[in-house]
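Written out below as structure tokens is the structure these notes cover.
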Amino acid sequence: MRILRFPRTMQREAQRWQRQGLRVGFVPTMGYLHEGHLSLVREARRQVGNRGIVVLSIYVNPTQFAPTEDLSKYPRDFAQDCRLCREAGVDVIFAPTDADMYAGRDAGEYTTYVVEEGLTRGLEGGSRPTHFRGVTTVVAKLFHCVLPEVSVFGAKDWQQAAVVRRMVKDLQFPIRIVVAPTTRESDGLAMSSRNRYLQPAERAQATVLWRAQQWARREVRKARPMGRSKPSDGSPAGVPAEALRRGVEALVGACPDARLDYVEFIEPETLRPVEWVRRGCRIVLAVFVGRTRLIDNGAL
Ligand code: PAF
């Protein structure tokens, strides 16, 4: 396994792979790797096969953090990340520095960003207005360095995956985006580098994101399936989003250290909120547990 630090070195290597006709699978991360990331590595390997190259980037991207957010505290453990990557069969770690990724930014000499203007409006984009500009910018830059055929993103960041897909389509990147399922702890908590911030009592309450999804899923599954004859009051099939929202608010409200940031019920592709929630819609939610902000989502 090799570790490349410079964008230009990474790009030259990627161009060499292209000339050799090697398939490249790419997993972008901010490091502090856990089983969820490793499942993305396995998917990338599955996509490109044993003769292909799997690249994983480790870069805590400053432009996707607002000044009030946890950039300086974001957990890092490069030695451990390298060990896990080696065991998982990663071929190359690309770990650039801020100075190379955003040369001149502090002096106002870095002024180019990539902005998606539709899917980023609500949900995470509503709570974190500058977040996706940073994500699309860094992902576009990483794609230019790694030149992958396929890139794997986690379903836990559902909106991020949709936004990246849209960017790839709109800007004609010749890259296939694969979204891999969320990896969960045995009690349902979605794996996240941020889980390490949770105090023991908070950790127990953090399962509320999973419990809320399961509860909403049960409610939707109980409702009349689509296509069945309409009831006499003419109401559409499904469950009113408002009723589900109130239920989720009650579940989160029952946890002393948890505060709901948002919960929405959306069409999975367009991310449009729905008023009537049917099977196949998605619940997406963000919850502060203590000072830690957790997100999750699932199919209903
Ligand atoms: O999901 C993440 O870890 C980050 O948003 C990403 C895609 C690596 C961009 O910094």
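Atoms within a ligand are numbered from 1 in the order they appear, just like the ligands themselves.
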Exercise. Asp81 and Ile93: side-chain contact (heavy atoms from CB on, under 4.5 Å), yes or no, with the steps?
Worked result: CA-CA 9 Å; Asp81 287 348; Ile93 292 180; 5.6 Å; no
For this session: Give the cluster check for Leu4 versus Leu147: same hydrophobic cluster or not, with ILVMFWY residues linked at side-chain heavy-atom distances below 4.5 Å.
Result: no
Exercise. With hydrophobic residues grouped by side-chain heavy-atom distances under 4.5 Å, do Leu56 and Tyr32 end up in a single group?
Worked result: no
Seminar exercise, completed: Quick note on ligand 1: atoms under 4.0 Å from a heavy atom of Val138 include exactly 9 (C), 10 (O)
Exercise. How far is atom 3 (O) of ligand 1 from its nearest protein heavy atom, and which residue and atom name does that atom have?
Worked result: Met30 CG, 3.6 Å
Exercise. Where is the nearest protein heavy atom to atom 2 (C) of ligand 1: which residue, which atom, and how far?
Worked result: Gln160 NE2, 3.9 Å
Problem set entry | Row check, Phe65 ring normal vs Arg293 NZ/CZ: under 6.0 Å, within 45° | no
Exercise. Between the candidates His131, Gln64, His37, which shows the shortest non-hydrogen contact distance to atom 10 (O) of ligand 1?
Worked result: Gln64
Problem set entry | Ring geometry between Phe173 and His144 (parallel below 30°, tilted from 30 to 60°, perpendicular above 60°) | tilted
For this session: Please state which part of Thr29 comes within less than 4.0 Å of ligand 1, counting heavy atoms only: side chain, backbone, both or neither.
Result: backbone
